[in-house]
Amino acid sequence: MHCLVIGATGYVGARLVRRLLDEGHTVRCLVRNRAKLARHTWVDRVEVRQGDVNDADAVRDACDGIDAVFYLVHSMDGPDFADRDRRAVAVLADAAHTAGVQRIVYLGGLQPTGDENSEHLASRREVGEILMASHVPTAVLQAGIVVGAGSASYEMIRHLTEASPLLPMPDHAWNAVQPIGIDDVLYHLGACLQLPSSVNRTFDIGGPDVLSFRELILGYAEVAGLTRPLTVPVPLSAPRMISRAVQALTPVDRHLAKPLVESMAHDLVAHGDPPAGPPPGGATPYAEAVRRAVAGEGAAGRGPTDLHGVELVSEQTERVKAPPAVLWDVISTIGGENGWYNVPGIWALRGGIDRLFGGVGARRGRPGKLEPGAQLDWWIVEDVQDGRSLTLRAETKMPGTARLEMRAEPDGDGSRYVQRVTFTPRGIAGRAYWYAELPAHDFVFAVMARTIAGVAATRARRAAGTRGA
């Protein structure tokens with residue numbers, strides 16, 4: 001079959017592409033950043049279309065001539081993540097129906113049996129419902145914690161187990177969960193291609209073990225040959241605070257950790273049979289899935305999308321009353337004499353401090369062309385997607401590596417500015433640096449995001465006024 005994978009740069013998506021190719025299917029990938037695919041060994045075997053899931057033209061183009069679509073993307077952050085998911089999946093539903101796609105496969109999350117639900121799990125369920133109402137036969141797979149080297153949930157378990165011999169745990173950590181190995185997830189996804197066209201429904205998928213989150217941690221310790229940490233129940237339910245703690249101890253940033261922590265408030269157990277029954281040899285037990293992950297086996301082991309080190313993240317999102325092209329014009333001309341749209345004097349102060357430690361200071365200068373390797377003030381350009389995104393790496397002295405990504409995304413009749421700062425710390429000094437700087441850092445970059453959005457909106461208004469005149 002000719003398959004479209006949306007979410008091919010993610011943990012599951014990258015492994016699914018390889019499996020589909022090995023099974024003889026042809027694969028097209030819709031990606032926002034083409035450069036991220038270059039790290040995969042299979043990149044020369046796939047057709048690549050670049051575009052955002054909110055861009056109706058790009059999604060329609062990607063669906064043209066496709067037999068089956070695998071939809072593997074989720075919004076994980078911001079107060080409007082459910083709205084963004086709703087808009088994106090509506091674009092896909094319309095494009096797939098218009099293109100005559102024969103099958104949609106969506107990977108969501110297991111749902112609690114009661115009336116209560118987390119915002120993220122409810123959003124996953126809503127996405128599945130929209131797809132099943134699209135007039136394209138849809139298989140919605142609902143999975144719990146995915147166990148495999150590089151999976152965010154697995155890495156959270158692994159690093160928490162290794163972090164301390166004493167682990168305070170919220171009382172929700174004793175609720176029931178049903179983990180599933182990555183190899184089983186890929187088997188069930190691929191099996192959906194063989195379903196009759198009359199099948200349009202939800203399937204729960206899971207491994208053979210129903211455990212608590214506490215038992216997941218103790219089980220990992222046993223397989224990995226570690227001392228089992230002492231877990232202490234804490235009568236506390238504060239997902240935001242707990243996700244911050246998870247971020248500090250693991251490679252999982254809080255935008256991923258928060259929905260994982262929220263899901264712990266519910267029993268998440270699979271009901272019913274998977275789409276084509278269990279994998280050959282039966283569903284993979286949790287201990288075996290962990291053993292494969294520890295040994296670097298399972299879905300070909302670790303890959304370039306895996307979480308090898310801690311990445312601390314701060315992100316700002318602003319809705320902009322301007323077309324993406326106008327917003328991109330502001331982003332792409334930042335720096336040099338144009339400045340960084342921030343508190344007056346703040347970058348000069350930062351540069352002075354950097355010079356004291358032998359760094360480049362507040363070096364000024366814009367390159368003739370924005371391209372990888374070019375110097376932009378005290379940043380190095382790492383990636384440019386013209387009209388869409390700019391990624392920079394800081395050259396200032398610090399105990400770690402800092403990157404700044406700025407994106408212009410379509411959003412209805414306007415656009416959305418996404419500004420993401422990531423920091424990979426070196427040792428304890430790096431972590432201490434990040435958290436000591438965080439209050440001032442969040443303030444400075446929040447001002448920057450709001451100012452860039454405001455400048456773009458002002459330019460759009462002036463352009464509209466000029467046309468009107």
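When a residue number appears, it is its place in the shown sequence, counting from 1.
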Within the structure provided, determine whether [X] and [Y] are in side-chain contact (heavy-atom separation under 4.5 Å).
{"X": "Val69", "Y": "Ile6", "value": "yes"}
{"X": "Phe213", "Y": "Asn175", "value": "no"}
{"X": "Pro137", "Y": "Ile104", "value": "no"}
{"X": "Cys3", "Y": "Leu193", "value": "yes"}
{"X": "Val12", "Y": "Ile182", "value": "yes"}
{"X": "Leu16", "Y": "Val185", "value": "no"}
{"X": "Gln142", "Y": "Val140", "value": "yes"}
{"X": "Leu37", "Y": "Cys29", "value": "yes"}

What I want to check is whether the side chains of Asp383 and Asn33 have a donor and an acceptor closer together than 3.5 Å.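 Their side chains do contain a donor-acceptor pair, which is all the 3.5 Å distance test asks for.
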
Would you kindly say whether Tyr417 and Gln419 are connected by a side-chain donor-acceptor distance under 3.5 Å? yes

Electrostatic pair [X]:[Y] at N-O distance under 4.0 angstrom:
{"X": "Arg86", "Y": "Glu126", "answer": "yes"}
{"X": "Asp80", "Y": "Arg319", "answer": "yes"}
{"X": "Asp22", "Y": "Arg45", "answer": "yes"}
{"X": "Arg103", "Y": "Asp67", "answer": "no"}
{"X": "Glu409", "Y": "Arg32", "answer": "yes"}
{"X": "Asp411", "Y": "Arg87", "answer": "yes"}
{"X": "Arg403", "Y": "Glu405", "answer": "no"}

Is it the case that the side chain of [X] and the backbone of [Y] share a donor-acceptor pair, with hydrogens and angles ignored and the cut-off at 3.5 Å?
{"X": "Gln111", "Y": "Gly109", "value": "yes"}
{"X": "Asn200", "Y": "Thr138", "value": "yes"}
{"X": "Arg28", "Y": "Ala62", "value": "yes"}
{"X": "His135", "Y": "His97", "value": "no"}
{"X": "Ser415", "Y": "Ala322", "value": "yes"}
{"X": "His271", "Y": "Asp204", "value": "no"}
{"X": "Ser151", "Y": "Val146", "value": "yes"}
{"X": "Arg49", "Y": "Asp61", "value": "yes"}
{"X": "His74", "Y": "Leu107", "value": "yes"}
{"X": "Ser123", "Y": "His120", "value": "no"}

If you count heavy atoms of other groups shown closer than 6.0 angstrom to CD of Glu222, is the number above 12?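 No, because the 6.0 Å sphere around CD of Glu222 holds 12 heavy atoms or fewer from other groups.
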
Above 12 or not: heavy atoms from other molecules or residues under 6.0 Å from NE2 of His2?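 Counting neighbours around NE2 of His2, more than 12 heavy atoms of other residues, nucleotides or ligands fall under 6.0 Å, so yes.
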
Which atom names give the shortest non-hydrogen contact between [X] and [Y], and what distance separates them?
{"X": "Phe203", "Y": "Asp273", "result": "CD2-O, 3.6 Å"}
{"X": "Ala289", "Y": "Thr284", "result": "N-CG2, 3.7 Å"}
{"X": "Ala56", "Y": "Val91", "result": "CA-CG1, 3.7 Å"}
{"X": "Val105", "Y": "Cys192", "result": "CG2-CB, 3.6 Å"}
{"X": "Pro410", "Y": "Pro324", "result": "CA-CG, 3.8 Å"}
{"X": "Cys63", "Y": "Val101", "result": "O-CG2, 4.2 Å"}

How many angstroms lie between [atom1] in [X] and [atom2] in [Y], if you round to the nearest 0.5 Å?
{"X": "Tyr220", "Y": "Ile157", "atom1": "OH", "atom2": "CD1", "value": "10.0 Å"}
{"X": "Met406", "Y": "Ile452", "atom1": "CE", "atom2": "CD1", "value": "6.0 Å"}
{"X": "Tyr71", "Y": "Ile130", "atom1": "OH", "atom2": "CD1", "value": "9.0 Å"}
{"X": "Leu141", "Y": "Leu72", "atom1": "CG", "atom2": "CG", "value": "9.5 Å"}
{"X": "Thr422", "Y": "Arg393", "atom1": "OG1", "atom2": "CZ", "value": "11.5 Å"}
{"X": "Ser134", "Y": "Asp94", "atom1": "OG", "atom2": "CG", "value": "10.0 Å"}

Could you label the plane-to-plane angle of the Phe423 and Trp434 rings as parallel, tilted or perpendicular, counting under 30° as parallel and over 60° as perpendicular?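 Plane angle under 30°, so parallel.
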
Just say parallel, tilted or perpendicular for the rings of Trp42 and His40, cut-offs at 30° and 60°. parallel

Given Thr391, Leu404, Leu392, the one that forms side-chain contact (heavy atoms from CB on, under 4.5 Å) with Glu382: Thr391

Asp209: which residues meet the side-chain hydrogen bond (donor to acceptor under 3.5 Å, both in side chains) condition with it, sequence neighbours left out? none

Would you please name every residue forming a side-chain hydrogen bond (donor to acceptor under 3.5 Å, both in side chains) with Asp64, sequence neighbours left out? none

Start with the C-alpha gap between Arg388 and Asp55, add the side-chain angles, then the distance that decides, and say whether side-chain contact (heavy atoms from CB on, under 4.5 Å) holds. CA-CA 12 Å; Arg388 298 176 182 274; Asp55 186 336; 4.2 Å; yes

When you look at Ile205 and Asp184, which way does the side-chain contact (heavy atoms from CB on, under 4.5 Å) test go after all the steps? CA-CA 9 Å; Ile205 58 174; Asp184 291 7; over 6 Å; no

I would like to know whether Asp85 and Arg124 meet salt bridge (Lys or Arg N to Asp or Glu O under 4.0 Å); could you show each step before the answer? CA-CA 9 Å; Asp85 271 351; Arg124 304 292 177 265; 3.4 Å; yes

side-chain contact (heavy atoms from CB on, under 4.5 Å) assessment of Ile180 paired with Ile145: CA-CA 6 Å; Ile180 180 170; Ile145 287 177; over 6 Å; no

side-chain contact (heavy atoms from CB on, under 4.5 Å) evaluation trace for Arg407 with Gln385: CA-CA 9 Å; Arg407 300 200 305 266; Gln385 301 296 319; over 6 Å; no

